[in-house]
Amino acid sequence: MMLPRGGDPVIVQNMTGRYGRLHTKLMLDYGTNVAAGAAPGKGGESVEGVPVYDTVAEAVAKTKARASVCFVPAEFTLAAGVEALDAGIELLVIITEHVPIRDELKLVQLAQAKGATIIGPNCPGIIVPSEKVKLGIMPAPSFSPGKVALYSRSGTLTYEIAGELTASGHGQSVAVGIGGDPINGSTPIQWMDFVQGMEETDAVVVVGEIGGDAEERLARHIEKSGYKKPIVGYIAGRHAPKEKKMGHAGAIIYGDYGTADSKIRALTAAGVKVAKTPMDVPRLVREALG
Amino acid sequence: MRLYEYQAKSLFKEYGLSVPKSILVHDLEGVRGAFASLAPPVAVKSQVLAGGRGKAGGIALVDDPSKAEHEAARIFALPIGGEKPASLLLEEGYPHEREMYLSVTLDRGERSYVAIAAAAGGVEVESMKGKVIRKVPVGGIDAGFAAEMASELKLPPGESSQFVKILLSLERLAREKECELTEINPLAVGKDGTLMPLDAKVIVDDNALFRHPEFAKLHPEDEFEGEASRQGFAFVRLDGDIAVVGNGAGLVLSTLDLVGDAGGEPACFLDLGGGAQQDRVEAAIRLVNRLPGASRILVNIYGGITRSTDVAAGIRAVISGGGLKPLYARVSGAEEEEARQMLAGTAVKMYKTAPEAVAAVVKGA
């Protein structure tokens with residue numbers, strides 16, 4: 001795990017695409033040091049004054065970047081991810097939605113072998129407000145510096161809850177969208193353990209949704225590891241139907257597997273205060289901080 | 001994408017897995033002829049996607065043609081999980097002594113595919129006793145892997161060699177066709193010791209469909225779901241009367257919860273996706289406005305990348321076309337005030353927070 005720091009050079013993959021262009025500008029505006037772009041066949045162009053290279057390897061050689069934000073379409077995400085990891089990228093943020101599961105598994109294995117961290121796919125990225133750095137697509141005004149770590153399987157819910165926290169005076173030490181797919185490059189448990197060691201973090205907010213058993217696993221981990229920092233949770237999808245993919249590829253209930261009730265029960269039993277609505281999160285954070 | 005049993009079984013055959021002889025019928029007229037060409041007893045099986053068909057009465061075992069017609073008529077009319085079957089599978093019964101379980105499936109928590117097998121099957125894999133679970137490498141398995149599983153299951157030699165072949169085929173199918181799940185439940189053990197898959201469940205990874213055009217035309221699409229998917233919206237039809245539209249899957253999901261908690265019933269889930277512009281907002285609202293059963297519309301937009309003024313312009317474009325159902329909107333974020341002004345003087349009701357908008361749309365005020 002590694003957190004981006006202010007001033008660290010960052011690469012944008014597929015910088016010359018519609019989203020790559022837009023978010024290169026928005027990341028620069030926020031303060032991220034977007035140092036280079038990579039896009040096959042587009043070497044020599046520039047976006048917002050940032051030079052574009054044909055390959056990640058060239059961009060890394062020129063900038064010494066260790067982090068990349070990937071906007072490459074799903075069909076080519078596996079190849080782009082492999083290219084980035086092979087070029088020495090240690091923090092790879094994959095924004096792309098609709099990446100096939102088997103491609104995600106291959107990327108996860110390669111990242112593990114190289115000791116690199118993947119955030120996503122199908123995620124808004126990571127933001128560290130105190131460092132004025134974001135690697136991703138989140139709207140800056142929702143976030144403010146502070147001591148609450150926030151991570152979530154959903155993009156807009158992250159913004160909504162960060163906005164609620166910001167409005168009530170609880171800034172964020174870090175906010176991570178781990179992704180809405182069945183396979184996440186980094187898991188809730190990994191982030192939980194990471195923020196436990198962060199001095200700047202006094203409380204953790206975990207935003208989950210229906211599908212899979214990430215929250216149940218997290219609950220067992222919290223109990224087993226004797227987690228020290230207060231945790232507030234929110235789970236979306238209490239009224240979701242079964243056997244239907246609710247927008248995210250990972251948000252689906254099969255039988256009794258993946259229901260919101262099961263997650264809320266498991267987290268509550270592990271001592272997590274679970275909010276009924278996103279609007280209720282700041283109150284629980286305030287109470288948890290005493 | 002989940003396949004129907006008959007589609008999954010035709011994939012099984014393609015991968016060298018034997019299944020009982022069967023005939024697919026689309027109407028009652030076809031039943032008698034199909035029955036005549038099968039050896040009784042014959043199972044009449046509802047072709048629906050929902051689980052728990054047996055329990056719901058969607059499967060009947062018959063041994064004469066008039067009974068077959070009678071049961072087929074009943075099953076054609078029987079909705080399971082809200083879905084009536086468009087076809088029935090008539091399949092030769094397979095007399096057997098024991099039922100096993102076998103699947104190759106994605107274990108999300110372990111971030112790996114796994115093979116799961118049990119020598120004595122059951123309805124629910126979760127509660128099966130003595131099941132064996134092994135991680136499947138991304139590159140596939142070999143006969144040694146399958147033989148070790150067979151030995152952990154303590155299968156007799158005759159069954160073991162068949163099991164190895166079946167598992168190898170099933171794993172190859174799961175890998176090559178990029179399935180989230182391939183499942184045989186039950187895998188029957190016949191009186192002569194022959195292993196035979198009696199049911200087949202296959203779920204293909206939707207995100208991998210671009211590599212598998214062979215699946216593209218397998219499902220008849222609901223008119224609205226078809227149009228939503230062409231527009232690139234995530235859309236699910238529901239039973240209630242409040243159409244719910246928003247940007248971001250999690251946000252729309254949490255909006256459904258707010259509506260449900262307030263006593264309302266959503267007519268659909270529609271996620272516009274990030275960075276939605278005027279034309280997409282307009283297309284989404286036009287789509288849900290036509291949805292039968294939806295009497296009013298709730299729009300919940302958290303503006304970040306999405307500009308509130310784009311949303312307002314999209315709504316205005318629908319209003320100018322006429323016939324817009326009552327619309328309740330919460331639009332927050334960049335350019336919120338301008339968006340509010342753009343919709344002032346229209347019938348659209350604007351709210352500052354999601355709970356306020358939800359309370360109003362549920363009341364129908």
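By convention in this document, chain letters (A, B, ...) are assigned in the order of the sequence lines, proteins followed by strands, and residues within each chain are numbered from 1. These numbers come from the heavy atoms of this one structure, side chains and all, not from hydrogens, waters or symmetry mates.
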* Where do M279(A) and L258(B) land on the side-chain contact (heavy atoms from CB on, under 4.5 Å) test, with the steps shown first? -> CA-CA 11 Å; M279(A) 286 60 73; L258(B) 292 176; 3.8 Å; yes
Minimum side-chain heavy-atom gap [X]-[Y] below 4.5 Å:
X	Y	answer
T277(A)	S254(B)	no
Y113(B)	R102(A)	yes
D205(B)	E104(A)	no
R111(B)	T187(A)	yes
S112(B)	L105(A)	no
E178(B)	I101(A)	no

* Count the heavy-atom pairs under 4.5 Å between each of A240(A), A249(A), G185(A) and chain B, then report the option with the highest count. =>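 Ranked by contacts with chain B, first place is G185(A).
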* Based on non-hydrogen pairs under 4.5 Å, which of S152(A), A236(A), S154(A) is most in contact with chain B? ->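 The residue among S152(A), A236(A), S154(A) with the greatest pair count is A236(A).
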Charged N to carboxylate O under 4.0 angstrom, [X] versus [Y]?
X	Y	answer
R211(B)	D103(A)	yes
E243(A)	R2(B)	yes
E180(B)	K245(A)	yes
R217(A)	E110(B)	yes
D257(B)	K276(A)	no

* Could you list all the salt bridge (charged side-chain N to carboxylate O under 4.0 Å, His left out) pairs where at least one residue sits in residues 156-166 of chain A, not counting sequence neighbours? =>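 Matches after skipping sequence neighbours: E160(A)-R330(B).
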In terms of heavy-atom proximity below 4.5 Å to chain A, should [X] be classed as side chain, backbone, both, or neither?
X	answer
V236(B)	side chain
L270(B)	neither
D239(B)	neither
L106(B)	side chain

Looking at every heavy atom in both [X] and [Y], which two are closest together, and how far apart are they?
X	Y	result
G247(A)	A234(B)	CA-CB, 3.6 Å
L251(B)	T156(A)	CB-OG1, 3.4 Å
G163(A)	Y302(B)	CA-OH, 3.8 Å

Atom [atom1] of residue position [X] - does it have more than 12 heavy atoms of other residues, nucleotides or ligands inside 6.0 Å?
X	atom1	answer
E265(B)	CD	no
K273(A)	NZ	no
D256(A)	CG	no

* **Full working for side-chain contact (heavy atoms from CB on, under 4.5 Å) between K244(A) and F269(B)** => CA-CA 11 Å; K244(A) 297 275 186 191; F269(B) 164 108; over 6 Å; no
Using non-hydrogen atoms and a 4.5 Å limit, figure out which bit of [X] sits close to chain B: side chain, backbone, both or neither.
X	result
I183(A)	side chain
N184(A)	backbone
I235(A)	backbone
P182(A)	both

* **Stepwise side-chain contact (heavy atoms from CB on, under 4.5 Å) check, Y254(A) with L181(B)** => CA-CA 12 Å; Y254(A) 290 119; L181(B) 169 74; over 6 Å; no
* To do: Hey, could you give me the OG1/CG distance between T96(A) and N207(B), rounded to the nearest 0.5 Å?
  =>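 Going from the OG1 atom of T96(A) to the CG atom of N207(B) covers 11.0 Å.
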* Asked: Any side-chain donor-acceptor pair under 3.5 Å between D271(B) and H248(A)?
  -> no
* Asked: For Y257(A), is the NZ or CZ atom of R108(B) found under 6.0 angstrom from the centre of its six-membered ring and inside 45 degrees of the ring axis?
  -> no
* Residue-level interface, residues 108-125 of chain A with chain B, non-hydrogen cut-off under 4.5 Å -> V108(A), Q109(A), Q112(A)
* Show the numbers, then the answer: is there a side-chain contact (heavy atoms from CB on, under 4.5 Å) between D261(B) and H239(A)? => CA-CA 8 Å; D261(B) 287 346; H239(A) 289 273; 2.9 Å; yes
